[in-house]
Amino acid sequence: MTEKRIPTPSVPAPDILRCAYMELVVTDLARSRDFYVDVLNLVVTAEDDDSIYLRSMEEFIHHNLVLRQGEQPAVAAFSYRVRSPQELDKAEAFYTELGCEVRRSKEGFVRGIGESVRVQDPLGFPLEFFYEVDHVERLAWRYDLYSPGALVRLDHFNQVFPDVPKAVAHMEDLGFRVTEDIQDDQGTTYAAWMRRKPTVHDTAMTGGAGPRMHHVAFATHEKHNILAICDKLGALRLSDRIERGPGRHGVSNAFYLYLRDPDGHRVEIYTQDYYTGDPDNPVVTWDVHDNQRRDWWGNPVVPSWYTEASTVLDLEGNPVPTTDRTDSSEMDVTIGADGFSYTRKGDDDSMPEWKQGEYKLGNQL
């Protein structure tokens, strides 16, 4: 059952432009550097003994990803850029009225970022808002530096929270708009995609025990870039980093690949979703029983994709406790206790016998 919604503040929300960077805590900085720099070819803007600042090929702000050495893998910040310095006053007032812990730093909390506001939002997530940032060389025209699988932009975050409607209502108060969601005929919402920039999402809320971070996503130019990453992982004998895909989503219509970094943080490689910037852009709602919602080709979703996610930290650096989901689980209603399954409500006999073993784990065993 949906809990009481978070009150809407009387003050205006900050004007958010886009998701800008994520700060990840990793347990072995050198090993993580190998993965993000040597395998995925993100560009090093700066580094020291404790942190590495990385950006994608088309980025002009200082970084899209911070890797920080720590004892336990976690997420320290989901960071958004706002339209002007004055929006920081709005962010501070917005979350102060909600009774959240709010911190403001004139110097910023990480290298390359100026005055910033960090909050632990009412959902439990650590958010950052900033405008001032160091500019760096945009490498869009440096084709001599491009790899076959070049990551060109930070595209979105994905967050896990037990009560999706409650989370969505709060994000709408913050100025986000829903583009797609997954529901059933009982009105249960399993996930929702929300945007500030005119794409399918800057973040999404996935139903599950939370608050946790499901994934951070980087975009490539085309599908073949994702295939090149798969080939590279195979050549390096790192195919076990591939959790799911490559494939095409029904939701978002994008081509995708999900990887797990050395600490288990999930990274999506993503390309070719669609424009959503018109004020009357229609919301697309998917039936949770439509087997093509998560993969347009009907391929199964591995259970780990539904159950595993990264811990998030409060502003003191402590793990935020999670709350279990009480509404129906998407995994339970579409996979079931016997493992991978094919779901298309009202069409139970549609799968050919020769294909059933691919989806039913019991048949495989």
**Message:** Walk me through whether Glu308 and Arg266 qualify under salt bridge (charged side-chain N to carboxylate O under 4.0 Å, His left out).
**Reply:** CA-CA 9 Å; Glu308 298 178 12; Arg266 184 179 289 107; 5.1 Å; no
**Asked** How about Tyr80 and Phe78: are their ring centroids closer than 6.0 Å?
**Response** no
**Prompt:** CZ of Arg293 to CD of Gln183: how many Å apart, nearest 0.5 Å?
**Reply:** 13.0 Å
**Prompt:** Mind checking whether Phe161 and Phe125 have parallel, tilted or perpendicular rings, split at 30° and 60°?
**Reply:** tilted
**Prompt:** Can Arg244 be said to sit on top of Trp305's aromatic six-ring, NZ or CZ under 6.0 Å from centre and within 45° of the ring axis?
**Reply:** yes
**Message:** Both conditions, 6.0 Å and 45 degrees, for the charged tip of Arg81 above the ring of Tyr131: are they met here?
**Reply:** yes
**Message:** Distance check, rounded to the nearest 0.5 Å: Met213 atom CE versus Gln159 atom CD?
**Reply:** 10.0 Å
**Message:** For His156 together with His215, are the ring centres under 6.0 Å from each other?
**Reply:** yes
**Prompt:** Hey, would you say the Phe255 and Tyr270 ring centroids sit under 6.0 Å apart?
**Reply:** no
**Aromatic ring pairing Tyr53/His62, orientation class (parallel under 30°, perpendicular over 60°, tilted between)** = perpendicular
**Message:** As a test of understanding, state which of Val66, Asp48, Asp134 forms a side-chain contact (heavy atoms from CB on, under 4.5 Å) with Arg111.
**Reply:** Asp48
**Asked** Got a sec: does the CD of Gln72 have more than 12 other heavy atoms crowding it under 6.0 Å?
**Response** no
**Message:** Quick one: does any side-chain atom of Ser116 pair with a main-chain N or O of Gly108 as donor and acceptor, under 3.5 Å?
**Reply:** no
**Message:** Take a 6.0 Å sphere around CG of Asp49 and say whether it holds more than 12 heavy atoms from other residues, nucleotides or ligands.
**Reply:** no
**Item:** Side-chain ion pair, Asp155 and Arg153, N-O less than 4.0 Å
**Value:** no
